[in-house]
There are 2 protein chains.
Amino acid sequence: MPALDSIFHALADPTRRRILTMLLEDDMAVTDVADPFEMSLAAISKHLGVLTRAGLISQERRGRLTWCKLEPQALKDASVWMQGFGQFEPVDLDAFEDFLKREFSEPDSEEDVTTPSPLP
Amino acid sequence: MPALDSIFHALADPTRRRILTMLLEDDMAVTDVADPFEMSLAAISKHLGVLTRAGLISQERRGRLTWCKLEPQALKDASVWMQGFGQFEPVDLDAFEDFLKREFSEPDSEEDVTTPSPLP
DNA sequence: CGAAACCTCAACCATACGGTTGAATATGCT
DNA sequence: AGCATATTCAACCGTATGGTTGAGGTTTCG
């Protein structure tokens, strides 16, 4: 439903990717999402708007809290688009480790955890 | 090596995604890449620059032609990042068909082929 | 050599992006 | 009712983005 444009655009920001990884653990209220960031609440609210319009999360108001929930379907759309290129073999969890290795060994660009951590 | 920022940013533009799908078929010279677009050559050249800096393609000059070649490793990085979310099951080619179905049934946003076509 | 083909560079423009601050709007608590 | 909490809205600002046009540098070919 949401276009690839908005999905990829949403994923192109490290703050938003980090928000997604936070939501991977559990649903969160907006203020709690904003807590670890050194940025105004309004800025985070905007980021959440971008993620919502991309369909990557949903926001449901319950009481005075607005709960943010990961919506993996949009991510899946984008993932499937990339898989459609078919140039590389199916999901390879080793590849994720490889990726992390390269991400951390080369002091490339960002600093913090903009990557999910499904490795237990 | 290229950060997720630049990869996802590069993927967020329909022109650039379409270029990638074109390069899926074969390597191409810049002018030929630009041909189907209603846009100046300089604009396409810029798009190719974005794709190159993201590591999604490489450009090699041979004679007076500059050949553009798909570089799937960067795509794989991004794909792996998404797979890291692990919320959805491994590569599911049916999902790609589902995606196309939804993409074409709902007159959502874009019009043309910004998706690869690995279905023979 | 000179002209044409191929591509990038530079300057410019309108619009979008990511952030800020301050006011506005719910909702819940006492 | 009244106040604190939670979230968004609105206006603003600097910078980036995606496009244009025109000039410039290589390479090939007649």
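Naming convention: chains lettered A, B, ... in sequence-line order (proteins, then strands); numbering from 1 in each chain.
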Phosphate OP1/OP2 of C/dT8: any B/Ser45 side-chain N/O under 4.0 Å: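 Yes, because at least one side-chain N or O of B/Ser45 sits under 4.0 Å from OP1 or OP2 of C/dT8.
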Given side chain to side chain contact (heavy atoms under 4.5 Å, CB included), test B/Glu71 with B/Leu51 step by step and report yes or no. CA-CA 10 Å; B/Glu71 293 289 344; B/Leu51 289 169; over 6 Å; no
Could you check how far [atom1] of [X] sits from [atom2] of [N], rounded to whole Å?
X: A/Leu51; N: C/dG18; atom1: CG; atom2: C1'; value: 13 Å
X: A/Ile44; N: C/dG19; atom1: CD1; atom2: P; value: 8 Å
X: A/His47; N: C/dA16; atom1: NE2; atom2: C1'; value: 14 Å
X: B/Leu48; N: C/dC9; atom1: CG; atom2: C1'; value: 15 Å

Students should find this one: the first and last nucleotides of DNA chain D, 5' to 3', lying under 4.0 Å from a heavy atom of chain A. What are they?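 Contacts span D/dT5 to D/dA11, reading 5' to 3'.
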Given side chains that start at C-beta, do those of [X] and [Y] come closer than 4.5 Å, heavy atoms only?
X: A/Asp27; Y: A/Cys68; answer: no
X: A/Arg61; Y: A/Trp67; answer: no
X: B/Leu48; Y: B/Gln59; answer: yes

Using 30° and 60° as the class limits, which term best fits the ring planes of A/Phe8 and A/Trp81: parallel, tilted or perpendicular?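 Judged by the thresholds at 30° and 60°, the geometry between A/Phe8 and A/Trp81 is perpendicular.
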Among A/Leu56, A/Thr21, A/Leu20, find the residue that satisfies the side-chain contact (heavy atoms from CB on, under 4.5 Å) test when tested with A/Leu70.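 Among A/Leu56, A/Thr21, A/Leu20, the one that satisfies the side-chain contact (heavy atoms from CB on, under 4.5 Å) with A/Leu70 is A/Leu20.
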List the steps and the verdict of side chain to side chain contact (heavy atoms under 4.5 Å, CB included) for B/Ser6 and B/Arg53. CA-CA 8 Å; B/Ser6 51; B/Arg53 277 188 297 280; over 6 Å; no
For nucleotides 20-30 of chain C, print each protein N/O atom paired with a nucleotide N/O atom at under 3.5 Å, atom names and distance only.
unit_1: C/dT20; atom_1: OP2; unit_2: A/Ser40; atom_2: N; d: 2.9
unit_1: C/dT20; atom_1: OP2; unit_2: A/Ser40; atom_2: OG; d: 2.8

N/O donor-acceptor pair under 3.5 Å between A/Arg16 side chain and A/His9 backbone: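 Indeed, once roles are kept as given, a pair shorter than 3.5 Å links the two residues.
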